[in-house]
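The next block holds one structure in the form of structure tokens; read it before the comments.
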Amino acid sequence: LSQVTPAAALASWFLKKRARAYAITSLGGPVAGLTLPLLFGWVVVSLSWRFTWLSVGLFSLLVLAPLAWWVVRRRPEDMGLLPDGDLPGPAQPHPGKTEVQADPVWSRAQILRSRAFWLLLVSQLLVAAPASSIFIHMGAFLNDRGFSPGIAASLLSLYAASAMVGRLVWILIAEKLSLRRALILHGVVYAVPIALLILLPYRLLIADLVLLGIGVGGSSQIRNQAWA
């Protein structure tokens, strides 16, 4: 739900700039991955892990939930606006610019009968399945490959930083290529580094982690754009 709900709202607010909007909002994950572990680690050492989890839960309940309820709007039309910040009124198309059509409205039955829906569902499940397990076991994997615990931790930070840079890279790719070509390219950039983790020698693993981070960086953006 933490990904589906914001993605649905963004799809209503952005049409022409949807790829960029998804990329910018997806930066929150890697930024949190670079900063929050340091903060939470200090709180755990200074107080306790129970207090840390309780604080995170209370912050979500008392701060984030009220903001989502009172500030977030499902559609720009609810505020008398149009997607992409356009103003309501007679359209005044600019010469040389193509008008962006509104998204078609599909019923639930039409979606379930759509071949594209099932292809997207299966493909995204195959992409999402290894994502969490790779990051969880990355430290142990790097230790097994000969990296010290300190170097392995630094490589995990490099991986997270590469994912953040990947968000920016995929902004350009999603705006230049069609969605179908962007999905194919993302599948290649994501799959090849995973296979090379096992095949590459010790020293080349660092470059492979950077490439994997860039591939992972586009997962959320490309997936949300495909579903939208």
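A quick note: this is a predicted structure, and the numbers were derived from the prediction, not measured.
Under the side chain to side chain contact (heavy atoms under 4.5 Å, CB included) criterion, Ser48 pairs with Arg50, Phe51, not counting sequence neighbours. For Val169, the side chain to side chain contact (heavy atoms under 4.5 Å, CB included) partners at least two apart in sequence or on another chain are Val165, Ile173. Applying the side chain to side chain contact (heavy atoms under 4.5 Å, CB included) test to Trp53 and every residue at least two apart in sequence or in another chain returns Trp49. Remark: Val192 engages Val188, Leu196 in a side chain to side chain contact (heavy atoms under 4.5 Å, CB included) (not counting sequence neighbours).
Both Ile214 and Leu158 are part of a single hydrophobic cluster, where members link through side-chain heavy atoms under 4.5 Å apart.
Heavy-atom contacts from other residues, nucleotides or ligands closer than 6.0 Å to CD1 of Ile198 number 12 or fewer.
Leu209 is not listed as a side-chain neighbour of Ile206, based on a closest heavy-atom distance of 4.5 Å or more.
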Can you give the donor-acceptor pairs under 3.5 Å from side chains of residues 145-152 to other protein atoms, not counting sequence neighbours?
| from | atom 1 | to | atom 2 | distance (Å) |
| --- | --- | --- | --- | --- |
| Arg145 | NH1 | Leu197 | O | 2.9 |
| Arg145 | NH2 | Leu200 | O | 2.7 |
| Ser148 | OG | Ile151 | N | 3.3 |

Result block: side-chain N/O donor-acceptor pairs under 3.5 angstrom for residues 56-70, not counting sequence neighbours:
| from | atom 1 | to | atom 2 | distance (Å) |
| --- | --- | --- | --- | --- |
| Ser60 | OG | Val56 | O | 3.1 |

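Closest non-hydrogen pair, Val189 versus Pro193, comes out as O-CD, 2.9 Å.
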Evaluation steps, side chain to side chain contact (heavy atoms under 4.5 Å, CB included), between Leu47 and Thr52: CA-CA 8 Å; Leu47 299 172; Thr52 305; 5.9 Å; no

Audit row: His186, Tyr190, ring pair (Phe, Tyr, Trp, His ring centres under 6.0 Å) steps and yes/no: CA-CA 6 Å; His186 173 259; Tyr190 184 72; 5.7 Å; yes

